[in-house]
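We name chains A, B, ... by the order of the sequence lines, and we start the count at 1 in each one. Note that the structure is a prediction, hence the values are computed from the model and not measured.
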Amino acid sequence: MKQAASQPRLAAVLCLLMLPLLSAGCKSPLEHYESALEISNASELPDSKAVAKFEKELDKATSKAGKILRTEKGAAGTALHDATAYVIPLADIARAKLYLRLGQVREAEDAAWKAVENAETQLGRHIRLLQEENGDWDVGALGSSVFFRREKIRRRVFTLLKNAYRQAGEKDLSALMDAQIGFSTDYLCSSVAHGEEEFIRQVENSDWIRTYEEDSARIGYMLKVTLRFLGQIVQVAAAEMQKAQLQQQAAQNPNYSSSYRRQQNAIDRQQELGWEKFKEDLDKMKAKYEATLSNIAATFQKTVATSLSANFELVGFSEEIQALDAFAELEEKKEAFDDYVLRSGFDKQASDALMDMRRSLDDLTRELQERRNS
Amino acid sequence: MRRFPFNSSFALIAIVCLGLSGCKLLHPPVISVIAYPLLQPRTNSIETGDLDPILEESGEALKRAKVAVVRNPGRNGWDSTVRGKQRDKRKDENELLYNYLRKQKLFGEIGLVDRAGFGDYDYYLTCNTECIYNIELDTLMYTWNWVLLGVGFLVGWPYQDSSAFYVAESVFMQRSEAGTETIGGSIAVNQVTWYGDNIYWRPAFYAARTLKPLFKQITYDFILESGVRSL
């Protein structure tokens, strides 16, 4: 008796002991990253054991983030993609920071450049996944619209290195880092970056609203099907009860058999019709559900195209920029792009035109930079 | 990480209490505005180090420091819209950082300037914050509202969860003979989840209260990385 009573207690204790193990296994990439930061931010310089643990946590963070990024394909993962992708360059920055604390400048530089490279390849990758999903819809131009996210990583990396070079008395490298920081700062504060952030927000907002509306439609459809199914069960049960009643009446009254057969046939026919109606209703509901989904898809494809055009509407240039030669070319290309999108919507040609416009914007940037430098 | 939406019960209690007290403000959006921000549970992932030992040791030095926050030019009127509807109101995060530092009273003087180098300050900081947010339909609550023939939706019963991932990057500058020089920086990330909101109530993703943990981290890094403690 005593042994039986102690069994649930033992199970509870085991569960409690297992909890930390289970929760450790379920840590998100961000949680692994934050665990690593706890080690590197400790007031004492970490020993080799702590460094190994730090590396292990960061490896777990990046591998888990990579796994999520590989599996979360397409529009479903768009809104959360960059939130996960950020962890990878952040882990490199954490490494660079720790190496600098340990005085390993070479390793810190490598980690810093790795962060820049990872930011370039991982952030905004979801836009390219969208492109793969919509084969007929070229969104290559959108890939360039996460510069504001990449620039933040770059500025952090160059700030870290600049600080190290400054302390080491490396004047040239320090000045070079200053130039990089200045470039990133100018970009992050520019109206172009603001326009891009607004644009990418619209893409992501559209994406999660689309997912939300699709989920709502799915739940509504499932609920309707369930209710219809329950209604059909009630109908069948009622018919069966009626049949049982008739059978009972027929057994009690032998003269009733011909009338019973007629009535039973009528019930059977009604049941058959009921099933046919049920299948018909299910087909109708499914068709309606599919039509809702395709409507949602069409609406949101249109939303993205509209926001693309609006992106460049948002960019306001100063009089000095407007006086530059490349600005006239940019204006011309912008007008051609807007006309095309109005006439034909957003397609591959529009995407190419947008990229062309972007190149003109780069030329304009270079012209302004050269003018400033001279 | 997924939690039972307790606030749906809270919302119901709030609605019943308002009804019993004869409150005429039983319009669903009003109830939501009153009840949810007070009751909705929220989580933060960021854990900033303790500033108290630093303040004990070098609080006097910090009081001598003149610190300015540099605005992001052109940030005003940068609210987010989707299909013509305004989704988020957004102020320049540097103005919010300035207000935060002013309330903390850590430094002798706090200013808000348009460019680094303006004014008579020892240090300049500027930050750039971004939030990637997402909403998730709470299938159970959404279905329940459906089963109630839409009554749940009308009374503002919560049926979605919102989460946001924040990245705040900042740069610290110091006045030098040549002008201003970058002396350090910080990058802070925070994952925030709000359990239970709906069409009547939506988290303010860029509100000062929401960005506060990030500002705390930026301030912590600034005090540690800059020479402000040895002034």
Which label fits B:Tyr142 and A:Tyr212: parallel for a plane angle under 30°, tilted from 30 to 60°, or perpendicular past 60°?
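Aromatic pair B:Tyr142/A:Tyr212 classed perpendicular.
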A:Arg101 atom CZ: more than 12 heavy-atom contacts under 6.0 Å:
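Check passes, neighbour count above 12.
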Counting only heavy atoms not in B:Gln104 (residues, nucleotides, ligands), do more than 12 fall under 6.0 Å from its CD?
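For B:Gln104, atom CD is crowded (more than 12 foreign heavy atoms under 6.0 Å).
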Is any side-chain heavy atom of B:Glu169 closer than 4.5 Å to one of A:Glu151?
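No, side chains not in contact.
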For a 4.5 angstrom cut-off between non-hydrogen side-chain atoms, does A:Met222 reach B:Trp146?
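SC-SC contact between A:Met222 and B:Trp146 ruled out.
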Side chain, backbone, both or neither of B:Tyr159 within contact of chain A (heavy atoms, under 4.5 Å):
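It is the side chain, since no backbone atom gets that close.
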Considering only heavy atoms, which portion of B:Thr129 lies under 4.5 Å from any heavy atom of chain A: side chain, backbone, both, or neither?
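B:Thr129 touches chain A through backbone heavy atoms alone.
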Do you know the tightest heavy-atom contact between [X] and [Y]?
X	Y	value
A:Arg155	B:Val171	NE-CG2, 3.4 Å
A:Lys152	B:Val167	NZ-O, 3.9 Å
A:Glu34	B:Ser45	OE2-OG, 3.0 Å
B:Gln191	A:Leu30	CB-CD2, 3.4 Å

Interatomic distance, [X] atom [atom1] to [Y] atom [atom2] [nearest 0.5 angstrom]:
X	Y	atom1	atom2	result
A:Thr185	B:Asn72	OG1	CG	9.5 Å
A:Asn41	B:Asp221	CG	CG	7.5 Å
A:Leu223	B:Thr143	CG	OG1	6.5 Å

Atom group of A:Arg166 that falls short of 4.5 Å from chain B, counting heavy atoms
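Contact with chain B involves the side chain of A:Arg166 alone.
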A:Ser28 versus chain B, the contacting section by heavy-atom distance below 4.5 Å:
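It is neither, since no heavy atom gets under 4.5 Å.
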Scan B:Ile187, B:Thr182, B:Ile183 and name whichever one has a side chain to side chain contact (heavy atoms under 4.5 Å, CB included) with A:Thr159.
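The side chain to side chain contact (heavy atoms under 4.5 Å, CB included) with A:Thr159 is passed solely by B:Thr182 among B:Ile187, B:Thr182, B:Ile183.
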Contact winner vs chain B - A:Leu90, A:Ile153, A:Leu37, A:Leu227, heavy-atom pairs under 4.5 Å
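Highest number of pairs under 4.5 Å: A:Leu90.
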